[in-house]
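Starting from 1, each residue takes its place in the sequence as its number.
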Amino acid sequence: MATPDYPTVFARFNTGLVGHGRPLIRPRSSDQFDYESELAFIIGRRARHVGEEAALDRVAGYSIFNDGSIRDVQLRTPQWTVGKNFDGTGGFGPDFVTADELPPGCEGLRMQGRHNGAVVQDTSLSDMIFGVKRLVAILSATMTLEPGDVIATGTPSGVGLSFKPPRFLKPGDTFEIEIEKIGVLRNPVIADA
């Protein structure tokens, strides 16, 4: 894929989120439940029109996010919000690590996604197309970022859709994301009741 000039931005809502150890829910309407290993950062100071040079001063700390996506729904439209907001599809946590405990913007840290123990995503966070500084600058140019806002940064190659055949999440699976110096987010997968 061509490198984009601007990040794809969409909202995630509370009903779509689950904590560490809690089950991710594969919806009834699709078997294309995919994972996305992502660094999450949490805003600590209000940010509006903040340039990259001051962006990291607005970040309180970091965590881990699994931006679980229902691919067939996500790709029906260029606006991804519906496919990214099924109930119980986004894992978040378990730890919050303050920014002063990590390299600036988490540069150089390793992130790995594991589907049933098999490594499917493995990258350095230095390879992000839109790093933390750039995301704060881009987003604060359009909206006010408030303390407590959580921003997920995007996923590396290796999502389930990219495999031939695809490797989507199914009931009984486990997906875990490990980010060096931050921790491990692990979630089992269940079917929607």
Would you please test Ile42 and Asp149 for side-chain contact (heavy atoms from CB on, under 4.5 Å) and show each step? CA-CA 6 Å; Ile42 297 85; Asp149 286 349; over 6 Å; no
Ser126 (side chain) donor-acceptor with Gly108 (main chain) under 3.5 angstrom: yes
Test Lys181 against Val97 for side-chain contact (heavy atoms from CB on, under 4.5 Å), laying out the working first. CA-CA 8 Å; Lys181 298 185 179 184; Val97 180; over 6 Å; no
Quick one: CZ on Phe96 to CD on Glu101, what's the gap to the nearest 0.5 Å? 8.5 Å
Quick check: does any side chain N or O of Asn187 sit under 3.5 Å from a backbone N or O of Phe175, one acting as donor and the other as acceptor? no
So which atom in Glu38 and which in Ala152 form the shortest heavy-atom distance, rounded to 0.1 Å? OE1-CB, 3.1 Å
Go through it in stages, so that I can follow the logic: the residues are Arg134 and Thr153, the test is side chain to side chain donor-acceptor pair (under 3.5 Å), and I'd like the CA-CA distance, side-chain angles, deciding distance and then a yes or no. CA-CA 10 Å; Arg134 192 160 175 216; Thr153 57; over 6 Å; no
I need the minimum non-hydrogen distance between Leu185 and Asn66, along with the two atoms involved. CD2-N, 3.9 Å
Could you check whether any side-chain heavy atom of Arg12 comes within less than 4.5 Å of a side-chain heavy atom of Val150, counting everything from C-beta outward? no
Inspect the surroundings of CZ in Arg22 and state if more than 12 heavy atoms from other residues, nucleotides or ligands are less than 6.0 Å away. no
Please round to the nearest 0.5 Å and tell me the distance separating atom CD1 of Ile64 and atom CD1 of Ile177. 7.0 Å
Work out which heavy atom in Gln74 is nearest to a heavy atom in Ser69; give both atom names and the distance. OE1-CB, 3.6 Å
Residue of the set Glu176, Arg114, His115 for which side chain to side chain contact (heavy atoms under 4.5 Å, CB included) holds with Tyr35: His115
To the nearest 0.5 Å, what is the distance between CG (Asp122) and CD (Gln112)? 4.5 Å
Please answer: with hydrophobic residues joined when any side-chain heavy atoms are less than 4.5 Å apart, are Phe10 and Phe92 in the same cluster? no
Are there over 12 heavy-atom neighbours, none belonging to Asp100, within less than 6.0 Å of that residue's CG? yes
Is His20 reaching over with its side chain to a backbone N or O of Arg186, donor-acceptor style, under 3.5 angstrom? yes
Main-chain N/O of Thr81 paired with Asn85 side-chain donor or acceptor, under 3.5 Å: yes
Determine whether Asp87 and Thr15 satisfy the following criterion, side chain to side chain donor-acceptor pair (under 3.5 Å), listing intermediate values before the conclusion. CA-CA 5 Å; Asp87 286 350; Thr15 59; 3.0 Å; yes
Closest approach of Gln32 and Asp72, non-hydrogen atoms and distance? OE1-N, 3.2 Å
How close do Cys106 and Ile182 get, counting heavy atoms only, and between which atoms? SG-CD1, 4.1 Å
Same hydrophobic cluster for Val136 and Met143, using side-chain heavy-atom links shorter than 4.5 Å among ILVMFWY? yes
Applying the 4.5 Å side-chain criterion to the ILVMFWY set and letting contacts propagate, would Leu139 and Phe130 be lumped into a single cluster? yes
Within this structure, what is the OG1-CG distance for the pair Thr89 and Leu17, rounded to the nearest 0.5 Å? 8.0 Å
Determine whether Thr3 and Ile129 make a side-chain contact, defined as any pair of heavy atoms from C-beta on separated by less than 4.5 Å. yes
Is there side-chain contact between Ile138 and Tyr6, with heavy atoms separated by less than 4.5 Å? yes
Basic-acidic side-chain contact under 4.0 Å: Arg45, Glu146: no
Please check if Phe65 and Leu102 belong to a single hydrophobic cluster, counting links between Ile, Leu, Val, Met, Phe, Trp and Tyr side chain heavy atoms closer than 4.5 Å. no
Under-4.0 Å salt bridge between Lys170 and Asp31: no
With a 4.0 Å cut-off on N to O distance, would you call Arg26 and Asp192 a salt bridge? no
If we only count heavy atoms from C-beta on, is the Val82 to Ile70 side-chain gap below 4.5 Å? no
Connected via hydrophobic side-chain network under 4.5 Å: Phe13 and Val18: no
Just do the side-chain contact (heavy atoms from CB on, under 4.5 Å) check on Met128 and Leu39 with the steps written out, would you? CA-CA 10 Å; Met128 289 190 296; Leu39 172 71; 4.2 Å; yes
Where do Asp67 and Thr155 land on the side-chain contact (heavy atoms from CB on, under 4.5 Å) test, with the steps shown first? CA-CA 8 Å; Asp67 188 22; Thr155 194; over 6 Å; no
For a quick test of reading the model, state the closest non-hydrogen atom pair linking Asp95 to Gly183 and the distance between them. OD2-CA, 4.3 Å
Roughly how far, to the nearest 0.5 Å, is CG of Leu125 from CZ of Arg110? 9.0 Å
What pairs of donor and acceptor atoms, side-chain ones from residues 48-62 against any protein atom, are under 3.5 angstrom apart with sequence neighbours left out?
from, atom 1, to, atom 2, distance (Å)
Arg48, NH1, Ser140, O, 3.1
Arg48, NH1, Ala141, O, 3.3
Arg58, NE, Arg46, O, 3.0

Within 6.0 Å of NZ in Lys133, more than 12 heavy atoms from elsewhere: no
Do Phe86 and Ser29 make a side-chain contact, defined as non-hydrogen atoms from C-beta onward lying under 4.5 Å apart? yes
Rounded to the nearest 0.5 Å, how far does CG of Leu169 lie from CD1 of Ile25? 13.0 Å
